[in-house]
Amino acid sequence: MQNKDNFDRFSSQNTLTASAEPPRPESEDAKPAAAEAADPGQKPISEPWKGVRRLACFFGIVVVLIFVMNAMITSGLRRLRTSAFGASNQIMEGKVNAQIVISGSSRALAHYDPRRIEAITGRTAFNLGRNGAQTDMQVAFLKAYLAHNRKPEIVVHNLDAFTFVTTREVFDPVEYTPYLYDRDLYSALGNINPNIWKSRYLPLYGYVVEDMNFTWVLGLKGFWGWTPPEDYFLGFNPRSKKWTDDFERMKANNPNGVHFDIEPAGIRVVEDLIQVCRQKGIQLILVYSPEYIEMQSLTSNRAQVFGLFHELADRSDVPLWDYSDWKYAGDQDLFQNSQHLNAAGAAIFSDDVANRLKVYLAARSNSARDLPVSSPATLGHAQD
Amino acid sequence: MLFNSLEFAIFFPVVTAIFFLLSQRWRVHWLLAASCIFYMAFIPAYILILLVTILIDYFAGIYLERVEDSKQKKALLWVSILSTCTVLFIFKYFGFFTGSFVGLADLLGWHLSRPMIAIILPIGLSFHTFQSLSYVVEVYRGNQKAERNFIVYATYVMFFPQLVAGPIERPQNLLHQFREWHPFDSVRVTSGLKRMAWGFFKKLVVADRLALYVNDVYASPRNFNGLQLTLATVFFAYQIYCDFSGYTDIALGAAEVLGFHLMENFRTPYYSLSMSEFWKRWHISLSTWFRDYVYIPLGGNRVSKNRHILNLMITFTVSGLWHGANWTYVLWGFLNGLYLVAGWLTKDWRDRFYNAVGLNENTLLRKTIMLLTTFVLTCVAWILFRARSAADALYVFTHLATGWNVHQIATQQFFLRQFPVAIAALLVLEIGQLCNTVISIPSLVGKMPVMARWALYASFVMTVVMFGVYKQMQFIYFQF
């Protein structure tokens, strides 16, 4: 380290940079503060309290704007009659009242077409499936449905290999933000994310902090009467894509297969679902809808998961319809990826399950007893 | 505590209100307490590390002033520097150096086991270490009187607006301000708030949105095509600028609200016409720190040509290492050193070339070429800075121009609908900065009628609120 003399000697001319370029005007950087402070157009306010009042007034206006904006967005989203929010609004306003209700994850959402089910069974149907929802969120949403609508005759609950895994993070939380007044929904979300109170009580928090997809724009458009194109049909959201490379990438990323945890809390959620349906006198049917055949061998603890499905179903005397050996489970043309059927696959599967429901309902009304668990092929396509 | 958090939105008004209500005697105590709360919001126990650094340099400053003998003084300075740097070394570089040593030993056939110590880097450690070091060096040089009041000295190191990411202040600029009376001046306060708002725009609307794209691509560059790699690299250039200069704007604005003046850290660095100019405009407080405490003591440019080149390379390589304990940062620093050396060595040749083709110094075309060249060189260096490993950086370098596919541009987190917002945000940024070079926008707005001005301010605040990304992403420079 040089001493002071050295420093003085060098500091007059030395620069860290090597070239000897002439200095350029240095007024560019955004420096609104200093410039504003020196602005002759603005009179300094000598009295501090006057300044505080002005600041308070300005921030008061901003807060009011935030509240108004929040109210407009919430109101706009609740006014929508089409798409995902349209389906949710029908549910939360108690306008569904279907006889057959399908609950579950994105697999339920994309696999069960209520229009086909209605046509075949002669009963009204609605799909409550939610993208990215684990069983705890699915059950919370079902409870919200039951709180606002007439109880259905049958709840078809779609199972997944990850059924016993509880939610770590709510997927697309903005889908629930306009409905946080619902006690069951709010408490279920609160169990997963203790910060959910912010979305309920802090204006705009649920729309701008928790959401990256500008859903608030949809809300504002809805407020002014705009309606998004319909892509939810009685709650069913078909997937138009053909087979993607998702599965190949998943395989490459998981050369040793995948393992789905069986969490005690996850088991309790399924037991809760069974209990809720029993208490309300609703017939519950557990269905494992088709997955791409190759995926089955990649799930390392599949036997264990299915063992538990059977155990829970047997213990509670709930029918379990397992479509693992669905006749088209190896046909990539009917799938978007290993977990989701595309629209063509969903049409075939919906017919299968509807036919099976029809037989089940007929048998139930005739003899008031369950059908034995059997292969879907025998009950599905055998009757086509 | 992050500036972009709900906690800070409550913390700052409360701290400011109490600050102005207190008498001068208690204000500095209050600022210290507030700074402790601010720092302890990250990992509370780490305040003890900061305390060690503060104690070392506080007493070093006092003894440096007392000691008359120059040899003893120098020895004391080195003890202080080494003690402070040891803290930095343990927490920041221990893993890096032991890992590199084990790697080197492996190459030589000696199989050593890597020490299993996992230490979380205290946030902003490099910043307050450097600020502390500048204090002892300035006291040693006689440019600054040793601070006897421990509370004032601790507040100088811990002042919350600049605690975790600078600007790295000099004692001559900041220390005396803690003894001065800062009355509530609404013009100054609103000016500070406006600067904070601009900083939040840069951070929340520009940097954090671009980060969604950059993070996706740089997490696994092999999954993306050349267009995506190029876009991610350009986006990163803007991300890091808006992230860091946005932080600086918030820091300077917050300090201004309280009545303190901190040094400028950025002057639109991407408008530079050479790498040399870039480093006069980027992270100015760090560049000048290295200039004053590394480059000049090494001899600066008042030495032989070869030694000058060596001085530049050493300074920039050390600067790279300061940024992070990873070889990519070292290479980044080295590359920037090379840029400067090459720029210096080829300057005459380039001037002759431009003049030969009729592009004298003031022609727009020449300036445009120089500006774009500087930006491209900066982006190339940023690849090293952002990549997770040297192998990833090499992959990005070699695939920037391959497999461009305009139909495959989005990423998992950054959907197509995000592009218009990101591009619009960049346009607002650039137009704002460009206009500010011609006329002071705040001054222009200040002349508008109150209603129009307030409407404009409120719209700007609402724009930040509605278009910001609030994933509580840390400021990039916090890690340093």
Side-chain angles (χ1 to χ4, degrees), chain A residues 1-4 6-7 9-11 13-48 50-52 54-55 57-58 61-62 65-66 69 198 202 204-205 207-210 212-214 216 249, chain B residues 77 137 141-142 184-192 194-195 198 249 252-253 256 264 266-268 271 274 276-277 279-280 287 290-292 295-297 300-302 308 312 315 340-341 343-344 347 415 417 432-433 436-437 440-443 446-447 454 457-458 461-462 465-466 468-470:
Chain A
M1 186 69 66
Q2 303 282 319
N3 62 23
K4 183 180 180 295
N6 261 351
F7 169 73
R9 182 165 62 85
F10 282 114
S11 59
Q13 291 178 17
N14 240 328
T15 60
L16 180 55
T17 49
S19 64
E21 286 155 18
R24 296 176 62 217
E26 296 173 348
S27 60
E28 296 98 295
D29 206 18
K31 200 190 162 194
E36 180 77 4
D39 172 25
Q42 219 177 13
K43 288 177 192 159
I45 299 162
S46 54
E47 299 161 47
K50 197 175 168 188
V52 171
R54 283 182 66 173
L55 279 172
C57 188
F58 176 76
I61 291 171
V62 170
L65 276 175
I66 286 172
M69 190 72 99
K198 293 179 183 172
L202 299 181
L204 291 182
Y205 192 92
Y207 298 118
V208 297
V209 179
E210 294 284 355
M212 305 285 296
N213 296 319
F214 306 111
W216 59 266
R249 272 194 283 148
Chain B
L77 173 72
V137 174
R141 288 173 172 176
F184 181 90
D185 173 356
S186 63
V187 174
R188 193 200 64 231
V189 169
T190 49
S191 165
K194 282 176 221 167
R195 181 136 198 191
W198 182 238
D249 285 329
L252 268 67
E256 193 180 355
E264 290 295 334
F266 291 90
R267 281 186 292 106
T268 47
Y271 294 171
S274 68
S276 154
E277 190 186 345
W279 281 105
K280 289 177 194 161
S287 302
F290 273 105
R291 181 197 66 196
D292 293 347
Y295 179 71
I296 290 173
N301 58 10
R302 298 286 188 88
H308 180 202
L312 274 172
T315 307
L340 254 68
V341 170
W344 178 48
K347 184 169 188 318
F415 309 121
R417 76 184 77 153
Q433 292 188 153
N436 224 31
T437 60
S440 164
I441 294 175
S443 167
K447 286 172 188 155
W454 278 36
Y457 292 150
V461 172
M462 289 306 289
V465 169
M466 302 307 291
V469 174
Y470 301 88

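Per chain, numbering begins at 1; letters A, B, ... match sequence-line order. Reckoned from all heavy atoms, side chains included, excluding hydrogens, waters and symmetry mates.
Every residue two or more places apart in sequence or in another chain was checked for a salt bridge (charged side-chain N to carboxylate O under 4.0 Å, His left out) with B/R417, and none qualifies. Residues passing the ring-ring contact (aromatic ring centres under 6.0 Å, His included) test with A/F58 are B/W454, sequence neighbours excluded.
Contacts of B/V465 with chain A are made by both backbone and side-chain atoms, with heavy-atom separations under 4.5 Å. At a 4.5 Å heavy-atom cutoff, the contact between B/M462 and chain A is made by side-chain atoms alone. With a 4.5 angstrom heavy-atom cutoff, A/F214 touches chain B only via side-chain atoms. Contacts between A/I66 and chain B at a heavy-atom distance below 4.5 Å involve backbone atoms as well as side-chain atoms. When heavy atoms are compared at a cutoff of 4.5 Å, A/L204 approaches chain B solely by way of its side chain, counted from C-beta outward.
Residues A/G51 and B/S186 approach most closely at CA-CB, 3.6 Å, considering heavy atoms. A/V52 approaches B/F184 most closely through the heavy-atom pair CG2-CZ, 3.7 Å.
No other option in A/L65, A/I61, A/N213, A/V62 has as many heavy-atom pairs under 4.5 Å with chain B as A/N213.
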